[in-house]
Peer 1: 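Encoded as structure tokens, here's the structure I'll be asking about.
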Amino acid sequence: MTPVLSVRDLSVRFRMRGGRHVAAVGGVDFDLAAGECLALVGESGCGKSVLASALLGLLPGNAQTAGTAVLTGPGDGPGAGVDLLAADERTLARTVRGRRVGLVPQSPAAHLTPVRTVRAQLEEALRELTGTPRAELRAAAVAAAGRASFPAGLLDHHPHELSGGQAQRAATALALVGNAPLLLADEPTTGLDRDLVERTVDELRRHADEGRALLLITHDLAAAERIADRVAVMYAGRIVETAAADRFFGAAGPRHPYARGLLAALPERDFTPVPGMPPELGALPEGCAFAARCDRRTDACRVLPRLTDGVACHHAAPDGAAPAGVGSAGVGPAGVGSAGVGPSGTAPEDAAPADAVPDDIAAEETTRA
Amino acid sequence: MLELASLTAGYDRRDPVFRDVSLTIAPGEAVGLLGPSGCGKSTLARVATLLHRPDAGRVTVDGHPVRGWRHRAPRELRTAIGVVFQQPRLSADPRLRLRDLIAEPLRATGRRAEAAGRVAELAHRVGLTDDLLSRRPHEVSDGQLQRACLARALVLRPRWLVCDEMTAMLDASTTAALVAAVEEYRREHGAGLLAVGHDRVLLDRWCDRTVHWASLTGAPAPAPAAEADATAGAGV
Amino acid sequence: MAEPAWRSPGDTRRSTRAVRVSVSAVIVAAVVLAVLLVPPLVRLDQQAVDLALKLRPPSPAHPFGTDDVGRDLLLRCVYGLRVSLLVGLVAALVATVIGTAVGAAAAAFGGWADRLLMRLVDTFSSVPHLLLGIFVVAMFRPGVWPVIVSVALTHWLSTARIVRSEVLSLRSRPYVDAAIAGGASRWRVTVRHLLPAVLPQAGLAAVLMVPHAMWHESALSFLGLGLPAHQASLGNLVQTARGSLLAGDWWPTLFPGLFLIVPTLAIAGLAGAWRERLNPRRRSELML
Amino acid sequence: SNPGSPGGPAAEDGVVVGIAYEPDSLSPLLGYGKDGNSKIFDGLLAFDADMELKPALAVALPEVSADGLTYTYELRQGVNFSDGKPFTAADVVFTYRTILDEKTNNPSKTELDALKDVKAVGDHTVVFTLKYPYAPFAERTVLGIAPQHVAAKQDVNSGPFTTRPVGTGPYVLTGWSKGEKISFRANPDYWGGAPEVKKFTMAIIKDDDVRATRLRSGDLDGAVLPPNLAKGFKGDKTKKTYEATSYDYRLVTLPTHHEVTGDTAIRRALDVAVDRRTMVDKILEGAGKPAYGPVPTDSEWFTKGTERAHDLDRAKRILDDAGWKPGPDGVRVKDGVRAAFPLWYPSGDKLRQDHALAYASDAKKAGIAITTQAGTWEVIEPRMKHDAVLAGGGSPGDPDFDQYLLLKSTLGGDGFNNMAWYDNPVVDKALEDGRRTDDKAARKAAYDTVQRELVKNPGYTFLTHIDHLYVVNDSWEGLSTQVEPHDHGLAAGPWWNIENWVPKK
Amino acid sequence: MTAKQAGRRLPWGAMARMTGRRALAAVPVLLLVTFAVFAVAAASPFDPVKAYAGTAGLTASQENLDQLRANLGVDRPLVPRWWDWLTSALTGDLGDSSVMRQPVADVIGERIGWSVLLAATAFTVAVLLGTALGVLAARRRGGWLDRCVSSAAYTLEAAPAFWLGLLAIWFFALELGVLPAGGLTDTASETVTFGQVASHLVLPALVLGVSQLPWFFLYVRQGVADALDEDPVRGARARGLSERTVLLGHALRSGMLPMLTLIGSRVPELITGALLVESVFSWPGIAAATVQAATSVDFPLLAALTVLATAAVLLGNLLSDLLYGLADPRVGFDG
Ligand SMILES: Nc1ncnc2c1ncn2[C@@H]1O[C@H](COP(=O)(O)OP(=O)(O)OP(=O)(O)O)[C@@H](O)[C@H]1O
Ligand SMILES: Nc1ncnc2c1ncn2[C@@H]1O[C@H](COP(=O)(O)OP(=O)(O)OP(=O)(O)O)[C@@H](O)[C@H]1O
Ligand SMILES: [Mg+2]
Ligand SMILES: [Mg+2]
């Protein structure tokens with residue numbers, strides 16, 4: 001089975017004044033199968049949102065992209081997918097956005113049109129994406145709002161009259177309308193209380209379970225643990241580790257020192273930040289970008305580590321080692337069982353064309369579905 | 001003492017968001033406020049920062065009862081309270097570079113000279129590099145913008161801090177770093193803190209005491225969460 | 001690792017924009033130079049006519065031809081540009097400054113100040129522009145300054161209302177709240193946060209005012225209230241050329257028309273570039 | 001014409017003409033049609049093509065008493081107003097008395113200044129009594145007669161009669177859409193016979209260029225046009241251009257009270273320095289004549305031999321002889337006075353502007369510096385005593401009309417009369433002589449004196465007499481033009497006698 | 001729940017209150033404007049008697065002119081004259097127009113309908129065409145459509161209406177011969193029919209509309225272009241809405257505030273434009289009478305016309321304030 005989305009060597013950089021560049025995303029590879037939920041975590045500013053924007057062709061005019069991101073539909077044969085990075089605006093607007101790739105934007109309040117009510121925007125999206133007849137729009141809008149726990153009574157509010165969490169739910173409701181086979185959810189749980197977080201992520205999980213792929217960009221590790229099948233950790237524009245969620249959150253813990261630091265920073269654990277500051281993306285160091293903050297740094301770190309076996313580190317903790325300082329398994333509420341999902345990162349050197357997906361992943365996806 | 005006494009506030013006089021809410025924060029105290037989404041926490045924060053006139057009730061800052069709101073509040077009172085809003089994208093002037101964004105309160109209060117030094121110091125504290133400081137809000141990530149907003153809140157050395165879901169969009173490490181920055185500031189200046197959030201664990205760890213919204217109000221207002229429940233049930 | 005093959009969706013716009021901006025800048029510079037340098041060097045006797053040379057088509061002696069009383073059109077165009085540009089720019093500037101100030105003040109202060117100022121605007125706009133213009137000009141001797149005053153006094157109103165409506169929409173934005181919380185005074189908020197956001201609208205109004213003021217100048221001259229009709233101004237030149245055009249003589253219309261429109265478009269081009277700089281997102285997209 | 005098919009008037013028997021001027025009122029009581037040709041009304045008398053008086057509502061020219069103070073008119077019988085009511089002497093008396101009434105806002109009642117009273121004698125005779133003998137009085141009685149039974153019941157100044165008049169004339173008003181057009185229908189019961197042109201419409205088009213364009217598009221059958229636009233129809237076979245000669249002159253006033261223009265040498269030098277011929281050829285496109293006085297050169301009242309040729313050298317000589325010596329900047333100076341003065345022209349009037357500029361340019365060659373200035377009459381009027389003005393005027397008919405008002409010293413500064421404050425006792429006397437007598441030879445001698453004096457001391461520089469140009473579709477016969485006055489409104493043009501037009505075979 | 005959430009209809013209450021406040025404020029504005037017009041007209045150098053007399057005044061005697069001055073009542077001081085006008089106007093008597101030799105009510109009654117027809121059509125053309133072109137141009141900023149129309153807009157702004165009128169007549173009536181060149185009906189026609197008026201309306205309305213278009217076009221273009229760069233449009237695009245919906249439903253909706261404002265504040269310009277267009281096209285409307293009334297200092301007519309113009313302006317401003325209160329809920333109905 002071909003993955004819904006297959007990203008190879010995706011890079012994004014911003015051209016800045018004076019000929020400088022900000023390398024927001026560098027050489028990202030991953031596959032995302034139908035029914036799978038990949039949680040993308042990482043420190044703020046590491047390029048998660050830019051990655052999502054790139055997949056929708058919504059980058060600003062001074063951005064440049066490289067690599068491929070092939071979106072394959074259920075009916076498409078191998079090699080027939082759309083390369084999201086190369087597709088023209090027309091294709092993206094007419095067939096991809098909303099219909100095949102949905103987005104829950106970060107800062108939802110800023111992404112809602114301020115002069116129109118939530119209902120107007122919801123009904124409009126329903127009409128355009130699902131062709132709901134006019135007479136049924138009202139009911140459909142209430143139902144769509146309900147999916148994201150958006151209170152029906154607030155449908156007639158304008159975005160600026162919503163609380164942060166309500167705006168978030170409105171945005172989620174809008175993103176779910178199209179029932180797109182691939183959903184990019186960029187921090188879909190900010191501003192929500194624990195109940196709502198769970199309800200929202202469960203809805204997302206249900207969405208994925210119906211055979212769609214979900215890329216969950218989040219800082220909320222508890223939420224990620226609850227629904228993710230796999231976790232990808234991003235640092236300074238690169239994916240530094242991918243792991244099955246149960247292993248990542250389980251006793252073994254992540255292998256990359258940065259990922260371990262990230263987990264350790266949780267309030268329920270050490271509550272201490274990873275020391276130091278992330279590097280400036282405008283002037284990335286030659287070798288491992290994390291080296292400057294890493295307590296295992298050696299000379300080997302002057303060379304950029306490749307993502308091998310799901311981790312890009314010269315000193316990765318051995319598979320199965322318990323994360324430092326954490327005894328308990330899982331964060332927050334008990335994780336959702338996600339048996340049968342293994343590591344599925346692809347090393348760049350065998351950056352295969354989109355259709356050539358390693359067999360083991362395909363097999364696993366089948367089990368999951 | 002930051003006293004919010006039997007406040008009623010909202011956006012429609014006939015139907016306020018909350019009624020009769022009281023909360024007192026002692027100098028140097030850190031209070032966490034938990035509550036369901038949409039219950040009025042941000043509204044309360046806006047009242048506490050003198051940006052929203054309550055329909056009824058009293059706000060007292062360090063013994064001064066507040067009579068005017070927004071521009072009509074005395075500048076000393078306004079600047080005594082630093083605020084970080086829930087939505088950094090909306091609360092940053094899109095035309096200002098982060099550097100100016102942070103320095104703006106200093107300039108507005110006529111303390112231009114201090115700006116350069118203070119910005120550099122705070123930027124370091126909240127983890128903003130020089131490169132980021134020279135960008136405008138749309139050129140940075142939401143988390144980076146939130147850091148700038150925190151720096152802006154601290155720049156006038158307020159005696160009170162109101163952080164409305166400051167860390168909602170931050171990863172664990174950055175959260176920890178910013179909380180540490182706030183705590184360091186509070187240690188130095190003895191400032192009181194009202195931290196609004198959803199994450200009980202975080203607030204418990206961060207604050208001296210955590211109060212739940214329901215305990216603030218005498219008669220519990222119809223909780224939007226309940227209504228959300230109803231629709232959620234109906235919708236799915 | 002090899003440098004990846006970068007794709008950039010928004011590349012082409014930048015280069016044409018640079019061309020556009022520099023062409024505009026060159027034209028504006030040329031116009032300013034011509035207007036400043038030519039008159040001191042070549043004197044024009046505004047009232048000298050030579051009926052024998054009536055309506056000669058362009059020739060080496062008269063590159064723009066002559067008009068219906070035998071005056072050289074090139075020199076008159078340059079002199080006319082000087083007057084018209086003065087009228088256009090000064091009137092536009094004055095009108096925009098007044099309009100922006102009144103509009104911003106009304107919206108920023110709100111309440112009674114707003115109502116009072118807006119009723120003032122209503123009052124002013126109630127008297128049709130041309131009428132007020134006629135009255136103002138009629139009270140003075142015809143000339144440049146009465147025209148400027150009459151145009152400026154009647155044209156700040158649109159700007160004021162546009163600026164006000166934009167400021168009204170902006171003033172409840174959270175970032176204004178943030179500024180207030182940061183101790184900013186009303187004035188500071190207006191000048192630092194609200195005005196920059198409405199400058200593009202005000203700038204557009206200003207640019208539109210330039211050609212518009214020129215036509216008011218010609219309309220007033222036509223009614224006998226502006227500049228004396230024998231004095232070269234672009235409005236006067238175009239106005240008097242009408243009859244010749246119907247008779248098939250194109251040059252008395254074409255050249256003053258070009259003199260009127262080309263600088264206007266160049267100014268508009270520069271103003272457009274300036275507005276792009278004011279928009280933070282465009283600015284970074286274009287890497288300005 | 002129809003929107004889809006411009007190119008011909010809609011009705012075979014209809015005529016549409018474009019005019020630049022719209023009357024304020026159609027009531028003769030307020031001055032409409034005071035010079036005849038009002039279409040809706042008839043006067044007691046009317047002018048023919050040669051501006052000779054002929055009877056209209058009167059059966060014959062009036063009987064004038066020997067002392068010149070009583071005019072008796074015998075009225076035509078059987079004439080009805082277009083509403084069917086008969087026309088009688090009472091209507092004549094009503095009309096003239098109402099005009100003279102001080103409550104009536106008729107600004108041209110000065111023209112009837114000589115009139116003391118008017119009486120009806122029976123139904124068909126009226127008698128006018130004058131305050132003083134006034135030779136041209138009969139020419140004032142061309143003004144239209146209003147029906148007493150309609151107009152007497154209304155406010156004379158603003159009643160409906162001012163816009164929906166009823167008269168005895170060849171045409172009946174069918175509509176007046178202000179700013180758009182005035183339409184007439186032939187009066188089938190007209191006492192002079194029903195006109196052949198059944199429908200007559202005057203479209204009001206203020207803009208010359210628009211009028212020319214609409215004429216070309218076939219929307220109009222005829223129009224009044226300025227010379228440069230009329231030229232454009234020269235090649236059009238279907239249209240004919242009529243040049244109406246006129247008394248319409250353009251002149252420059254040379255105020256007596258200005259130290260330069262009051263100087264006779266300057267006046268005489270300017271009189272020969274100016275190139276009238278070129279002005280006619282270039283500014284008027286040939287449609288006009290050089291003017292040497294208010295009387296056109298082809299009028300019987302013109303004094304032959306008073307033409308002044310363009311002669312720059314002579315002008316310089318005159319100035320040299322008088323002591324005006326060229327200064328360093330080329331401008332002549334005498335006794336510390338520079339030969340310089342301002343010349344005003346009314347703004348918006350292109351013709352006068354061109355005249356003024358050409359005049360100033362000619363003067364400059366002789367060493368006189370004239371500064372042209374434009375202004376509205378409100379600006380110019382207070383300055384007329386000292387500053388030169390490019391003025392115009394001219395009424396056909398009696399030579400007294402123009403010359404008295406223009407040259408009589410006692411009228412200096414009286415409104416727009418004698419704008420130059422011209423003061424010449426010889427001229428004054430001749431003017432009085434001319435108006436007090438009815439004897440043609442004596443009058444001719446008097447006006448010859450005036451014109452010769454104007455050569456010796458020209459208080460005005462007369463520049464041109466202007467032909468009025470009308471372009472008309474060549475599908476009717478019987479078209480002619482009258483000699484026209486300065487002010488050519490509705491009554492002028494080839495359609496002055498449209499009731500006599502007949503279709504071309 | 002409560003009324004607040006029972007569905008949001010138009011905020012009639014707030015709109016009515018605003019309308020009421022404006023109606024109240026209109027009284028002093030009207031008083032002020034009429035008085036100002038009387039004062040300015042009296043201070044102007046124009047002389048009503050000279051204007052009334054016209055060319056006849058050139059030869060009229062002083063005595064005659066003085067009599068006229070007394071009859072017209074223009075020799076009285078300013079304040080009582082204004083007061084008399086005001087009190088009789090309140091009782092419904094607008095006085096007599098001296099230039100038109102008619103009661104003012106008749107002058108206005110005969111013409112206003114045609115003026116309103118012309119102005120309303122032209123304004124609709126300007127608003128709709130300006131908005132449509134503005135949206136299209138903003139969509140491809142720097143594209144050929146944008147450049148052509150923008151240049152044309154600046155050019156139009158420099159082109160007096162009488163020039164445009166002449167060009168339009170030349171092209172449509174003379175060269176193409178498809179539209180009548182002027183008047184309300186065919187010049188030879190005596191009756192006013194719908195078809196005729198419609199075909200005669202096209203050119204003047206088009207010229208007037210096009211002369212008003214640049215502001216609408218450029219402001220819509222700018223508003224939409226700015227909105228297209230903003231996050232809400234990005235959000236709408238991400239949702240997969242069609243280009244049309246994004247442009248009209250989001251970019252235009254956010255960026256049209258200045259355009260709505262213009263609906264009110266362009267009314268004076270519209271009146272000025274109508275003044276010239278009516279005279280070029282021999283349109284029997286009221287605007288053309290305005291200049292005449294002004295330069296002849298015809299007080300009753302001038303005052304009545306000013307009241308009309310003021311009412312038009314106030315209504316226009318009220319309308320645009322109401323509209324933008326509706327279009328942007330953050331503005332509200334205050335003021
Ligand atoms: N338009 C831009 N121009 C230049 N740099 C940009 C631009 N947009 C984003 N960046 C930079 O790209 C990097 C990645 O930004 P991105 O928004 O993807 O971060 P993120 O991982 O989503 O962070 P957060 O968790 O804070 O949202 C950041 O360092 C940011 O400063
Ligand atoms: N400008 C406004 N006009 C009308 N209603 C508003 C406005 N702003 C907020 N509300 C309503 O007031 C209520 C409280 O909003 P508030 O922002 O205070 O909630 P909150 O507790 O901060 O929620 P969250 O945790 O989601 O941020 C919400 O129901 C919201 O819909
Ligand atoms: Mg992000
Ligand atoms: Mg909140």
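Every chain is numbered from 1 and lettered A, B, ... according to where its sequence line falls, protein lines coming before strand lines.
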Peer 1: Any side-chain heavy-atom pair from Val22(A) and Arg135(B) closer than 4.5 angstrom?
Peer 2: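 They are in side-chain contact.
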
Peer 1: What part of Ser42(B) is in contact with chain A, defined as an atom under 4.5 angstrom from a non-hydrogen atom: side chain, backbone, both or neither?
Peer 2: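 Neither the backbone nor the side chain of Ser42(B) comes within 4.5 Å of chain A.
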
Peer 1: Taking the side chain as every heavy atom from C-beta outward, state whether Met277(A) and His124(B) have any pair of such atoms under 4.5 Å apart.
Peer 2: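 In contact.
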
Peer 1: For Arg205(B) versus Glu268(A), what's the shortest heavy-atom pair and its separation?
Peer 2: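 The pair with the smallest heavy-atom distance is NH1-C, 4.0 Å.
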
Peer 1: What are the two closest heavy atoms between Thr129(B) and Glu280(A), and how far apart are they?
Peer 2: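 Shortest heavy-atom contact: CB-OE2, 3.0 Å.
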
Peer 1: Tell me, out of Gly191(A), Ala24(A), Pro60(A), who's got the most heavy-atom pairs with chain B below 4.5 Å.
Peer 2: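 So the answer, after comparing Gly191(A), Ala24(A), Pro60(A), is Gly191(A).
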
Peer 1: Is Glu43(A) in contact with chain B via its backbone, its side chain, both, or neither, using a 4.5 Å heavy-atom distance?
Peer 2: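 Looking at Glu43(A), backbone and side chain both touch chain B.
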
Peer 1: Where on Ser173(B) is there a heavy atom nearer than 4.5 Å to chain A: the side chain, the backbone, both, or neither?
Peer 2: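 Ser173(B) touches chain A through backbone and side-chain heavy atoms alike.
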
Peer 1: If you compare all heavy atoms of Ala172(B) against all heavy atoms of Leu266(A), which two are closest, and at what distance to 0.1 Å?
Peer 2: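 The pair with the smallest heavy-atom distance is CB-CD2, 3.7 Å.
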
Peer 1: When you measure from the side chain of Arg89(B) to the backbone N and O of Pro108(A), does any donor-acceptor pair fall under 3.5 Å?
Peer 2: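 No, the answer is negative, given that no donor and acceptor are paired below the 3.5 Å cut-off.
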
Peer 1: Please classify the contact of Ser107(A) with chain B as side chain, backbone, both or neither, using a heavy-atom distance under 4.5 Å.
Peer 2: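 Looking at Ser107(A), backbone and side chain both touch chain B.
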
Peer 1: Working to the nearest 0.5 angstrom, can you tell me the gap between Thr189(A) OG1 and Met169(B) CE?
Peer 2: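 It comes to 10.0 Å.
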
Peer 1: Identify whether the distance between the nearest side-chain nitrogen and carboxylate oxygen of Arg17(A) and Glu139(B) falls below 4.0 Å.
Peer 2: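 Here Arg17(A) pairs with Glu139(B) in a salt bridge, since their nearest N and O are under 4.0 Å apart.
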
Peer 1: Of all the heavy-atom pairs spanning Leu90(B) and Ala109(A), show the shortest one and how long it is.
Peer 2: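 Closest pair (atom of Leu90(B), atom of Ala109(A), distance): CD1-CB, 3.8 Å.
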
Peer 1: Need one label for Leu128(B): side chain, backbone, both or neither, based on atoms under 4.5 Å from any heavy atom in chain A.
Peer 2: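 Just its backbone gets close to chain A.
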
Peer 1: Tell me the closest heavy-atom pair linking Gln87(B) and Gly164(A), and the distance in Å.
Peer 2: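 In terms of heavy atoms, the two residues are closest at NE2-CA, 3.2 Å.
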
Peer 1: Quick one: of Ser141(B), Ala176(B), Pro88(B), Gly127(B), who has the most non-hydrogen atom pairs under 4.5 Å with chain A?
Peer 2: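 Winner by heavy-atom pair count: Ala176(B).
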
Peer 1: What residue, out of Pro273(A), Ala265(A), Ser163(A), has the most heavy-atom pairs lying under 4.5 Å from chain B?
Peer 2: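 Among the listed options, the one with the most contacts to chain B is Pro273(A).
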
Peer 1: Counting only heavy atoms closer than 4.5 Å, note whether Arg147(B) contacts chain A via side chain, backbone, both or neither.
Peer 2: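 Only the side chain of Arg147(B) comes within 4.5 Å of chain A.
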
Peer 1: Please state whether the side chain, the backbone, both or neither of Val140(B) comes within less than 4.5 Å of a heavy atom of chain A.
Peer 2: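 When you check distances to chain A, no heavy atom of Val140(B) falls under 4.5 Å.
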
Peer 1: Nearest 0.5 angstrom please: Arg20(A) CZ to Asp131(B) CG, how far?
Peer 2: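 The CG atom of Asp131(B) is 5.0 Å from CZ of Arg20(A), to the nearest 0.5 Å.
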
Peer 1: Looking only at atom types and distance, does a side-chain atom of Asp171(B) sit under 3.5 Å from a main-chain N or O of Ser44(A), one as donor and one as acceptor?
Peer 2: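 Confirmed, Asp171(B) side chain pairs with Ser44(A) backbone.
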
Peer 1: Where does Glu165(B) contact chain A at under 4.5 Å (heavy atoms): side chain, backbone, both or neither?
Peer 2: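 Side chain of Glu165(B) only, per the 4.5 Å heavy-atom cut-off to chain A.
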
Peer 1: Measure distances from Ala180(B) to the heavy atoms of chain A and classify the residue's part below 4.5 Å as side chain, backbone, both or neither.
Peer 2: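 Neither part; nothing is under 4.5 Å.
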
Peer 1: Enter the distance from Thr190(A):OG1 to His198(B):NE2 here, rounded to the nearest 0.5 Å.
Peer 2: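 Answer for the OG1-NE2 pair, Thr190(A) versus His198(B), is 9.0 Å.
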
Peer 1: Considering non-hydrogen atoms only, spot the tightest contact between Leu192(A) and Ser37(B) and give its length.
Peer 2: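 Smallest heavy-atom distance, with atoms named: CD2-OG, 4.5 Å.
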
Peer 1: Return the CG to CZ distance between Leu34(B) and Arg194(A), rounded to the nearest 0.5 Å.
Peer 2: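 Reported value, rounded in 0.5 Å steps: 11.0 Å.
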
